[in-house]
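Let me begin by presenting the structure, written as structure tokens, before commenting on it.
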Amino acid sequence: MMQSVAGLAARLVTRQARRAGYVAGAAMIAVALLLPASAQAQGQQGQNGLSKLFGGIFSGADPAPSQPAPAPGGAQPWSGEDGASGHPLMTAAAIREAAGNFDNCVASMWPDAARRNIRQENFQRFTAGLTPDLRIMDLMDSQPEFTKSIWDYLDILVNDNRLAKGKEILARYKAQFDATEKAYGVDRYIIAAIWGIESNYSTQMGDRSVLQSTATLACIGRRQAYFRDEFLSALEILNRGDLRPEQMRGSWAGAFGPTQFMPTAFKRFAVDGDGDGRRDVVDNPTDLIASTANNLKKDGWQSGQTWGYEVTVPQGFNYMLADRAKMMTIAQWEKLGLKRPTGQPFPHPAEKAYLLAPAGAQGPGFLMLQNFRVIMKYNPAEAYAMAIGHFADRLRGGQPFVQPWPRQERELSRTERLELQQLLAQRGFYKGTPDGQFGGMTRDALRNFQVSIGLPADGFATSDVLDRLRGR
């Protein structure tokens, strides 16, 4: 459930890595926006999950070529360079050495496969001819110089064309959505939103072989233990007969299907919605809708509740309270001056929420409820979860956000973010290692600096804040 929005490859790594520590597709941009580098393996999800992913394994390995063959579909070949992470397993030499041992590595997983009741003939059939896709090493360690703002991200994903497609899907599969809502209590609009954002309604699901991608990552690079489980889980799916190899195509990290399931997430959440004996989350809408709902339900979805509310934040507000760990009731937030911009009352004042200010004091605020946290389990990026929630509201007939975004502001480049961290460290605010990635430690340091110079402590990095750190 993750790497699906083709053309948005920024740097989320897909739920794929949704629980792996990677987020892709739509998620890719989101993670780059609001998530400390890679939690998703899936690191979030730890579960699924966008996005918008074979030589005889029993024979001796030949030396790896210095320049691997192009990736599937004519994609770019591996750069042959060290990974940007600096991890010892991501050096060019380590990658080549591991690639040279790829056949032996895959063959060595047979005992584990046998313990999972995978038949030996199936193990040999599904792994025969597997070769590593080393281009994935570049994708795993990519660090784009520029990222998108939250408002640009929402503009890309929540648009009129996608909304029109979503309404068609809701009408076409009304019976399936009706049955799923009744069985699982999960809002149909959230499921439709995930489907739309992860794969643009099955039109952008990725075209890499899940077996090849997960086998590559299980044997090469810095996340081998995690992807070993994903690879073996993919073999279990094929061994059981739920899906065929040609159906299991998706993101570079192994997420597949319209809502981008990682293999391990499929095992946990996929259900046979129509009773045909197979759990087909790729080509069977009934199974797809029910499985996605089951995923959300088991992650704690609260029936009949929304994901959050747009709010106006009063002047002089203490933005140190805008923290995921600072949960308060809606009534308590109201006492601090937070209101809905439409003037409507909050329907459930006793609900607990945290305040998110994705664009700082210059943009709208949002009170996020339990269901927002559930969406983040699907993909651990706040920008992604906000896009899902807002898209669902729009599909339901809701309006765009009321308050404007600070579109005059630009996102800092990675070079500028690195400089900002270095300057914060020089002033004693930042204790970490500058890496150009903004996590909680950087935001806290930035907030403390903002307080020291009389600015709202919203943790929003702007060119003005950078200039002030430079002493200009």
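Every heavy atom of this structure was used, including side-chain atoms; hydrogens, water molecules and symmetry mates were not. Throughout, numbering of the chain's residues begins at 1 and tracks the sequence.
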For this session: Could you check if a side-chain atom of Met137 sits within less than 4.5 angstrom of a side-chain atom of Asp141, using non-hydrogen atoms only?
Result: no

For this session: Compare every heavy atom of Arg410 with every heavy atom of Glu416, then report the nearest pair and how far apart it is.
Result: OE2-NH2, 2.7 Å

For this session: Fit a plane to each ring of Phe266 and Phe261, take the angle between them on a 0 to 90° scale, and name the class: parallel (under 30°), tilted (30 to 60°) or perpendicular (over 60°).
Result: perpendicular

Seminar exercise, completed: Closest non-hydrogen contact found for Trp151 with Glu409 is CZ2-O, 3.5 Å

Exercise. Arg470 versus Asp467: any side-chain heavy-atom pair under 4.5 Å?
Worked result: yes

Problem set entry | N/O donor-acceptor pair under 3.5 Å between Ser142 side chain and Leu139 backbone | yes

Exercise. With side chains defined as the heavy atoms from C-beta onward, is the minimum distance between Met140 and Thr216 less than 4.5 Å?
Worked result: no

For this session: Say whether, by atom type as modelled, one donor and one acceptor occur between the side chain of Asn448 and the main chain of Asp444 under 3.5 angstrom.
Result: yes

Exercise. Is any side-chain heavy atom of Asp133 closer than 4.5 Å to a side-chain heavy atom of Trp78?
Worked result: no

Exercise. Between Asp138 and Ser79, is there a donor-acceptor pair closer than 3.5 Å when you use the side chain of the first and the backbone of the second?
Worked result: yes

Problem set entry | Shortest non-hydrogen contact from Ala293 toward Val186 | O-CG2, 3.5 Å

Exercise. Could you go step by step and tell me if Phe401 and Phe366 meet the ring-ring contact (aromatic ring centres under 6.0 Å, His included) rule?
Worked result: CA-CA 10 Å; Phe401 292 132; Phe366 299 87; 4.9 Å; yes

Exercise. If every non-hydrogen atom of Asp299 is compared with every non-hydrogen atom of Lys377, which pair is closest and at what distance?
Worked result: O-NZ, 3.0 Å

Seminar exercise, completed: With Glu310 as partner, the option from His390, Arg340, Gln403 fulfilling side chain to side chain donor-acceptor pair (under 3.5 Å) is Gln403

Exercise. Just by modelled atom types, is the Ala92 backbone N or O under 3.5 Å from a matching donor or acceptor in the Glu81 side chain?
Worked result: no

For this session: Inspect the surroundings of CD in Glu246 and state if more than 12 heavy atoms from other residues, nucleotides or ligands are less than 6.0 Å away.
Result: yes

Problem set entry | Minimal non-hydrogen separation, Ile190 against Trp301, with atom names | CG1-CH2, 3.4 Å

Exercise. Are side-chain heavy atoms of Val465 and Phe449 found at a separation under 4.5 Å?
Worked result: yes

Exercise. Taking the side chain as C-beta and beyond, is there a heavy-atom pair between Pro347 and Tyr309 under 4.5 Å?
Worked result: yes

Exercise. NZ of Lys339: more than 12 outside heavy atoms within 6.0 angstrom?
Worked result: no

Exercise. Any chance CE of Met441 has more than 12 other-residue heavy atoms, nucleotides or ligands included, within less than 6.0 Å?
Worked result: no

Problem set entry | Ile289 side chain near Trp195 side chain, heavy-atom distance below 4.5 Å | yes

Seminar exercise, completed: Looking only at heavy atoms, the pair that brings Gln302 and Gln305 closest together is OE1-OE1, 2.6 Å

Problem set entry | Pairwise side-chain contact, Phe372 with Arg324, heavy-atom cut-off 4.5 Å (strictly under) | no

